[in-house]
Amino acid sequence: MIEAINLTKKYGRRTVLRGLSFTAEKGRITCLIGINGAGKSTLLKAIMGLTPVSGGDIRIDGSPIGKGLYEHVAFVPDTLTLPPSMTVAGSLRFMGDFYRSWNPKRAAELLDFFRLNPSDRISSLSKGNAAKLNLLLGLSLDTDYLLMDEPFSGIDLFSREQIASVFTSDLIEERGVLLTTHEVGEIEHLIDKAVLLDRGEVRREFWCEEVRQNEGKSVIDVMREVYQS
Amino acid sequence: MMEPGDARLPVFNNRDPVYLQVVRHFKVDIATGRLKAGQTIPSRRELAALMNINPNTAQKAYKEMEDHGLIVTEGNSPSRVTSDERILGAIREELIAESVDAFIASVRQIGVPVDELLDIVKRKYETAMAGEKEGQP
């Protein structure tokens, strides 16, 4: 389980996380939902130890973050962060050299599934294909947790559908997935848990099926209540 | 039974639990005979991919169907539709009752006398069924 406990983060005089707490369980898909500036990306970066927090704790399976974190938790940032002149095949080799948890067999399967051309250069990839490669690199690490920042943002419908199908497959089985989105729309029925963020605070954290069963409400219904009240 | 791209794959609404919508889909298939007694059904993993749902949801739907005796799973073999005639019969009755209840709840607000209503239902239903037959190849 990933636990954020009372997290606070300030950039200078601006507070971006205000005593924020939530959990993301293994074997579940948790979605951080909030408009731009709600603190979603900062939160993911904090969990990855990429930005220092001003207060609070982050625990992964009970332990504070530290060495070895990157072999347990994979992070898919919102843009592909590889040299533009690298080829797709080269990026896979690069990951293999860098991470012990790299799974070349799975990478090859995903290359096929996403129909990516190994000889293409990163600089020549369409937005949709860049997003798919980005996701492929994260999914091919045998980690317990997978964090994704806005995996559906700014790409075409068919690429979105293909990426969404990852969430229905054994690629994420047994893993904990934590993703962010500012627009839950088409993935609403795919996620297990929703965490609604607003200005650095958790406004509501809930299991989607429970809310449907007990309150007859969709995730969007709950968002309307929370954000428009 | 189902193929990807099958027009009959459920379109989920977001206000009812997804797992119950999956269960209902199976009930309809059983009641209409598209799924036969004792027939093998897809694995949880296959179902998740097929219906585009979270594997946890597929698992929960199968658990619900197992608990109600709709499907049976023995050891490591694939799950099957039950062969218990009593349960199979009850599914059909349940679906009919559910649909009729929903219809009544909606139509009673208009206050139509029952005989008039039954006439309309009979006429419309027969037209709809005839249309369906013509539509078939």
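Only this structure's heavy atoms are used, side chains among them; waters, hydrogens and symmetry mates stay out. Proteins get letters first, then strands, A, B, ... in listed order; numbering begins at 1 in each.
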So do B:Asn14 and A:Val219 actually touch side chain to side chain, heavy atoms under 4.5 Å?
-> no

Which answer fits A:Ile220, side chain, backbone, both or neither, if we ask what part of it has an atom under 4.5 Å from a heavy atom of chain B?
-> neither

Is A:Ile29 close to B:Asn54 at the side-chain level, that is, under 4.5 Å between some pair of heavy atoms?
-> yes

Pick one of side chain, backbone, both or neither for A:Asp192, based on which atoms fall under 4.5 Å of a heavy atom in chain B.
-> both

Gap separating the CD1 atom of A:Ile191 from the CG atom of B:Asn56, nearest 0.5 angstrom | 12.5 Å

Can you find a pair of side-chain heavy atoms, one from B:Leu20 and one from A:Gln213, that are under 4.5 Å apart?
-> yes

Please report the shortest heavy-atom distance between A:Ser169 and B:Pro55, naming the atom on each side.
-> O-CG, 4.0 Å

Determine, step by step, whether B:Asp16 and A:Arg212 satisfy the side chain to side chain contact (heavy atoms under 4.5 Å, CB included) criterion, reporting the C-alpha distance in whole Å, the side-chain angles of both residues, the deciding distance to 0.1 Å, and the verdict.
-> CA-CA 5 Å; B:Asp16 292 316; A:Arg212 290 187 195 108; 5.9 Å; no

Crowded around A:Ile35 CD1? As in, over 12 foreign heavy atoms under 6.0 Å?
-> no

Is B:Arg92 atom CZ crowded by more than 12 heavy atoms from other residues, nucleotides or ligands, each under 6.0 Å away?
-> no

Tell me, do B:Gln21 and A:His189 make a side-chain contact under 4.5 Å, heavy atoms counted?
-> no

Counting only heavy atoms closer than 4.5 Å, note whether A:Glu215 contacts chain B via side chain, backbone, both or neither.
-> neither

Minimal non-hydrogen separation, B:Asn52 against A:Thr168, with atom names = C-CG2, 3.4 Å

